[in-house]
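Both ligands and their constituent atoms are indexed starting at 1 by order of listing.
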Amino acid sequence: MMNLQKCAVIGTGFVGATVAYTLATSGLFSELVLLDANRAKAEGEAADISHGVSFAQPCAVYAGDYQDLADCGLVIIAAGANQKPGETRIDLLHRNQAILQSILGAVVPVCPDCILLIVSNPVDILTYMAGKISGLPAGRVIGSGTVLDTARLKYLLGQHLRVDSRNVHAFIIGEHGDSELAVWSSANISGVDLPDYCRVTGKRATPESLDEIYRSVRDSAYAIIEGKGATYYGIGMAVLRIARAIVRDERSVLPVSSLVTGHYGVSEVCLGLPTVLGRNGVEAVLDIPLSYEEKKQLQSSAAKLRGLLDEMGLEG
Ligand SMILES: NC(=O)c1ccc[n+]([C@@H]2O[C@H](COP(=O)([O-])OP(=O)(O)OC[C@H]3O[C@@H](n4cnc5c(N)ncnc54)[C@H](O)[C@@H]3O)[C@@H](O)[C@H]2O)c1
């Protein structure tokens, strides 16, 4: 029997440790198992987080082995190489492909009914691979997709228009990477489109300023890595948001990455699209309206990912 109160985090580097800390303080889980190729690192992180549990809510946080995943409902994979300054996410592909393969070989036999959440990069390619290797139903294999990128967009647009980012409704979709796009055609502030919002509030959202915001979102990771070596707080909070939608069966719409089957003429790739998420994973992928130009950009993002999958011999 699958236990949705139990979560595993595989890979406890910058991202995995932050995810574990964020989940432990959320009260969402009663059990968190941490695994890392470096067992001492997982043990150290588990002990450090456990020491703060009495300030939060009861949660058993421990370093484990694969057999500890037996009834685990959610398995989060954050293992593998991260970007070094100047590296793209795609540059990590060959290193992280082998790591993912070895992890899935150990995870799937012990918890064949879990939901897999891939965070390691390049996240869309690895999510597709995980679907193929694991044999799990497509809706139970999810990547963090453009959830973080969309949060960055909401933050920056909220700053630009001086409005609460929670009232900004706009998506980054496509690859979590250099070919992602902002869906400006349906961006709105609580139902009011951007031109009307600007007219009422005296703000300005010129094509140039929106493009600058898009570029800043797209290049955020490069800028943060240049400054502090890795990104982890934003993704930690994004993973908590995804986990909450699943564990609490919230049916929230989040742009996670999952197998695309014919949306916008795209199929046999995983990429970030607005998705209804609940306790079974993907409940539905939504066809939000796109302009002609946005649809072309999405198709080109998908073609880039499919090309990489073809090179890896992962035909659809
Ligand atoms: N999806 C996103 O939005 C997003 C955001 C930030 C980072 N990331 C990605 O997350 C991944 C992790 O980044 P990081 O900064 O934590 O890297 P890191 O180097 O700090 O940590 C990686 C950890 O993985 C462990 N590991 C390696 N091989 C393993 C294996 N076979 N089994 C178990 N553990 C293994 C390492 O020991 C290390 O502790 C990277 O691929 C990075 O690009 C994704």
Side-chain angles (χ1 to χ4, degrees), residues 8-22 33-46 48 63-66 68-69 75-107 116-130 133 142-153 172-178 180 217-243 254-258 270-272:
V9 180
I10 304 180
T12 56
F14 286 116
V15 172
T18 309
V19 164
Y21 168 76
T22 310
V33 194
L34 309 188
L35 280 88
D36 197 285
N38 177 352
R39 171 79 186 209
K41 174 84 164 89
E43 282 174 357
E45 297 295 355
D48 198 4
D65 297 313
Y66 282 100
D68 293 310
L69 269 58
V75 175
I76 299 172
I77 300 183
N82 60 9
Q83 291 165 268
K84 302 293 173 269
E87 267 189 326
T88 70
R89 295 174 178 94
I90 298 295
D91 291 333
L92 306 174
L93 179 53
H94 296 293
R95 278 170 277 168
N96 288 350
Q97 176 188 5
I99 291 173
L100 179 69
Q101 247 157 349
S102 75
I103 290 172
L104 290 176
V107 167
L116 277 179
L117 174 57
I118 312 295
V119 180
S120 308
N121 275 318
V123 70
D124 304 288
I125 301 275
L126 296 186
T127 303
Y128 185 87
M129 256 186 67
I133 297 172
I142 298 163
S144 56
T146 48
V147 175
L148 172 59
D149 318 64
T150 294
R152 287 170 171 156
L153 178 69
I172 296 281
I173 61 171
E175 177 199 7
H176 169 60
D178 299 341
E180 67 190 20
V217 168
R218 187 195 58 192
D219 300 339
S220 287
Y222 295 115
I224 295 169
I225 289 166
E226 202 62 49
K228 59 176 261 188
T231 75
Y232 38 94
Y233 295 124
I235 185 61
M237 293 160 88
V239 168
L240 170 59
R241 181 69 191 89
I242 296 168
L254 294 169
V256 291
S257 187
S258 69
C270 289
L271 45 73

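With a 4.0 Å heavy-atom cut-off, ligand 1 is reached by the side chain of His176 but not by its N, CA, C or O. Neither the backbone nor the side chain of Ala238 comes within contact range of ligand 1; no heavy atom lies under 4.0 Å. For Ile103, every heavy-atom contact with ligand 1 shorter than 4.0 Å involves the side chain, none the backbone. Under 4.0 angstrom from ligand 1, the non-hydrogen atoms of Leu92 all belong to its side chain. Under 4.0 Å from ligand 1, the heavy atoms of Ser144 that appear belong solely to its side chain.
With hydrogens left out, the protein atom closest to atom 20 (O) of ligand 1 is Phe14 N, 3.0 Å, a heavy atom. Among all non-hydrogen protein atoms, the one lying nearest atom 21 (O) of ligand 1 is Gly13 CA, 3.2 Å. Ala81 O, 2.7 Å is the protein heavy atom nearest to atom 41 (O) of ligand 1. Atom 7 (C) of ligand 1 has its closest protein heavy atom at Val15 CG2, 3.4 Å. With hydrogens left out, the protein atom closest to atom 35 (C) of ligand 1 is Ala79 CB, 3.5 Å, a heavy atom. Ranking the protein heavy atoms by distance from atom 9 (C) of ligand 1 puts Asn121 ND2, 3.5 Å first.
Of the candidates Asn82, Leu126, Thr18, Asn82 brings a heavy atom nearest to atom 18 (P) of ligand 1. Comparing heavy-atom distances from atom 31 (N) of ligand 1 across Ile99, Leu35, Val119 singles out Ile99 as nearest. The option with the heavy atom closest to atom 37 (O) of ligand 1, from among Ile235, Asp36, Asp91, is Asp36.
With hydrogens and angles ignored, the 3.5 Å screen pairs no side-chain donor or acceptor of Thr22 with any backbone N or O of Met237. Side-chain N or O atoms of Thr150 include none that pairs as donor or acceptor with a backbone N or O of Val147 at under 3.5 Å. One N or O on the side chain of Asn96 and one on the backbone of Ala81 form a donor-acceptor pair closer than 3.5 Å. Under the 3.5 Å distance criterion, the side-chain polar atoms of Asp36 are left unmatched by any main-chain donor or acceptor of Ala42. No donor-acceptor pair closer than 3.5 Å links the side chain of Ser257 to the backbone N or O of Asp124. Panel note: side chain Thr146, backbone Ile172; a donor-acceptor pair is recorded below 3.5 Å.
Distance check, rounded to the nearest 0.5 Å: CD1 of Ile90 to CD of Glu175 gives 5.0 Å. To the nearest 0.5 Å, the span separating CZ on Arg241 from CG on Leu148 amounts to 14.0 Å.
Taking every heavy atom of Asn96 and a limit of under 4.0 angstrom, the matching atoms of ligand 1 come to 41 (O). Interface atoms of ligand 1 facing Thr231, defined by a heavy-atom separation under 4.0 Å, are 5 (C), 6 (C). For ligand 1, the atoms sitting less than 4.0 Å from at least one non-hydrogen atom of Ala78 are 11 (C), 12 (C), numbered in the order shown with element in parentheses.
Between Glu87 and Arg95 there is a salt bridge, with a side-chain nitrogen of the basic residue lying less than 4.0 Å from a carboxylate oxygen of the acidic one.
The number of heavy-atom neighbours closer than 6.0 Å to OH of Tyr21, taken from other residues, nucleotides and ligands shown, is 12 or below.
Considering backbone and side-chain atoms alike, Ala37 places an N or O below 3.5 Å from some N or O of ligand 1. At a 3.5 angstrom cut-off on N or O pairs, Gly80 counts as close to ligand 1. Ligand 1 has no nitrogen or oxygen under 3.5 angstrom from a nitrogen or oxygen of Tyr66.
In this structure the side chain of Val119 never reaches within 4.5 angstrom of the side chain of Val19, judged on heavy atoms.
Residue Tyr222 comes nearest to Gln83 through the heavy atom pair CE2-NE2, 3.7 Å, listed as atom of the first residue, atom of the second, then distance.
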